[in-house]
Amino acid sequence: MILAKDEENDAEVRREDQDQINEFGMLNARLHEVRREADRLKVRSARVLDHKLLEKIDDASTELMMGNGDRVMLRLGGAMFEATEDEATEFCEAEVERNQETLDKLSEEEGGILGRQAGLKEKLYGRFGKSINLEDK
Amino acid sequence: MSSSEVVNAAVAADSGNSQEEPVANISLESITEGKNDRGIPATKFLDDIELFANSFKPPASPELLIGAYSDLYSKFKAYEQQLEQKRATYEEKLPEIEKSITLVRHLKEKKEAGESGVVTRYNLADTIYSKAEVDCSQGIVNLWLGANVMLEYTYDEALELLTSKQTVAKKDFKEVSEDLTFTRNQIITSEVNISRIYNWDIRRKRESKRAGSN
């Protein structure tokens, strides 16, 4: 990208600038990972087997409640085990809690990353202006 | 091969080419500084490009420097790919181990609750499940160890083995992730070095033109 004469920036890149640029890159990579993991829990993905996990558990709990007290199948690992309605409901609730906790932690991390990125952007744009681009394509 | 051997081998292979640009004259050591715990070299950050160029005998041309750093950049990029694949493998492995742990714990609970027979449906073929009764009072479970070998374990032994496998997998995953971050940092530093050398060269030429026309 060729800059116009008056847009050129002569600020030298110091080691600390390089470190900040590297940190920004690392945060960005982590941000994408965090979002991918959160999506796996929340959003319907293209892969048929990866439906919203939390919603799936929710659907299962609803079915259980509407059930007629018969024994139900609980899927653990590759096999299915017979279980009572109560056991299954307990299992579902525990799963929901676990996944929700994970989701909350991921949201927190995402917020933290965005905050740090904003701080870095301020410093780097302040120093290098148009000579640097920190936006996601 | 360790990672530093990989990079060195690639550099040696390059110097076998007959090129007009003597890229081989710039050694890996001169453009890197140190390495991380697993032997991946770190790109040298250039505090002063002019000084750096003149540190070579004869003083390195911008083309030479850019060439050397571009090479380094490509090698890091290739290594990044490898690491990403490795990481994806570990990412898949961990949930598998966790599933097994959950299963064994479930069986153990059933045994401790005094239930002797657990009815399960297992995967007979792709779309068919078959009914089976599992006797948990035995307290025995069989685990695949790889290479088509299956071994018998008590529930506690199995949990011990699986949890230690899990610990190792988590550690490997952490190491690969760290290496990946490190490699990416070297990629960014190399890119920035290339831009700076290029800009420095442009400015130098501009100034000499200005000085020449005075």
Side-chain angles (χ1 to χ4, degrees), chain A residues 1-3 5 7-34 36-37 40-41 49-50 53 71-84 87-88 90-91 94-95 98-99 102 120 124 127-128 131-134, chain B residues 42-49 80 84 87 91 95-107 109-110 113 115 117-124 129-134 136 141 162 177-178 180-193 195-197 199-200 202-203 206:
Chain A
M1 191 191 69
I2 311 283
L3 298 173
K5 246 317 167 32
E7 290 179 315
E8 264 184 35
N9 184 294
D10 268 339
E12 251 305 297
V13 178
R14 306 161 301 188
R15 197 175 278 266
E16 64 186 87
D17 301 316
Q18 182 69 66
D19 287 341
Q20 284 174 355
I21 295 174
N22 286 355
E23 189 186 343
F24 189 85
M26 182 192 75
L27 288 173
N28 219 30
R30 181 66 195 147
L31 183 67
H32 286 290
E33 268 168 38
V34 166
R36 245 195 339 253
E37 278 183 46
R40 232 183 290 151
L41 292 176
L49 296 174
D50 266 2
L53 186 58
R71 297 180 69 85
V72 286
M73 295 291 190
L74 207 56
R75 188 176 164 139
L76 286 176
M80 293 197 263
F81 292 90
E82 278 191 9
T84 63
E87 285 178 338
E90 221 183 283
F91 181 79
E95 279 293 288
R98 204 171 57 101
N99 286 312
T102 312
L120 286 170
L124 291 169
R127 188 161 162 77
F128 296 111
S131 302
I132 193 169
N133 176 22
L134 300 167
Chain B
T43 312
K44 190 182 229 166
F45 175 75
L46 308 176
D47 291 288
D48 186 328
I49 300 181
E80 183 193 14
E84 279 177 344
R87 188 169 188 268
E91 249 179 328
E96 286 292 318
I97 300 180
E98 278 165 14
K99 268 198 241 172
S100 302
I101 294 183
T102 316
L103 225 138
V104 176
R105 287 222 171 103
H106 181 86
L107 288 174
E109 273 171 29
K110 289 289 177 183
E115 293 183 33
V118 179
V119 180
T120 170
R121 297 273 190 294
Y122 66 95
N123 213 334
L124 186 63
Y129 284 81
S130 176
K131 200 169 172 181
E133 196 174 303
V134 177
C136 333
V141 86
L162 288 171
S177 302
E178 282 173 6
L180 199 50
T181 305
F182 182 81
T183 307
R184 286 185 178 143
N185 278 352
Q186 306 322 308
I187 290 173
I188 298 179
T189 310
S190 307
E191 284 179 308
V192 170
N193 280 351
S195 302
R196 288 173 58 210
I197 297 171
N199 287 348
W200 164 74
I202 299 238
R203 245 174 250 141
R206 211 189 275 159

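Numbered from 1 within each chain, the chains take letters A, B, ... in sequence-line order.
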Quick check for you: to the nearest 0.5 Å, what is the distance between Asn185(B) atom CG and Glu23(A) atom CD? 9.5 Å
To the closest 0.5 Å, what do you measure between CD (Glu12(A)) and CG (Asp47(B))? 9.5 Å
Find the distance between CD (Glu82(A)) and NZ (Lys131(B)) and round it off to the nearest 0.5 Å. 5.5 Å
Which portion of Ile202(B) sits near chain A, non-hydrogen atoms under 4.5 angstrom: neither
Please round to the nearest 0.5 Å and tell me the distance separating atom CE of Met26(A) and atom CZ of Phe182(B). 13.5 Å
Can you tell me which portion of Arg14(A) sits under 4.5 Å from chain B's heavy atoms? Options are side chain, backbone, both or neither. backbone
Does the side chain to side chain contact (heavy atoms under 4.5 Å, CB included) test come out yes or no for Phe45(B) and Val13(A), once each step is laid out? CA-CA 10 Å; Phe45(B) 175 75; Val13(A) 178; 4.2 Å; yes
Rounding to 0.5 Å, atoms CZ (Arg196(B)) and CD (Gln18(A)) come to a distance of 7.5 Å
Are any non-hydrogen side-chain atoms of Phe24(A) and Ile188(B) less than 4.5 angstrom apart? no
Engaged part of Thr189(B) at the chain A interface, taking heavy atoms whose separation is under 4.5 Å: both
Nearest-0.5 Å distance that lies between atom CD in Gln186(B) and atom CG in Asn22(A): 7.0 Å
Does CD belonging to Glu90(A) count more than 12 external heavy atoms closer than 6.0 Å? no
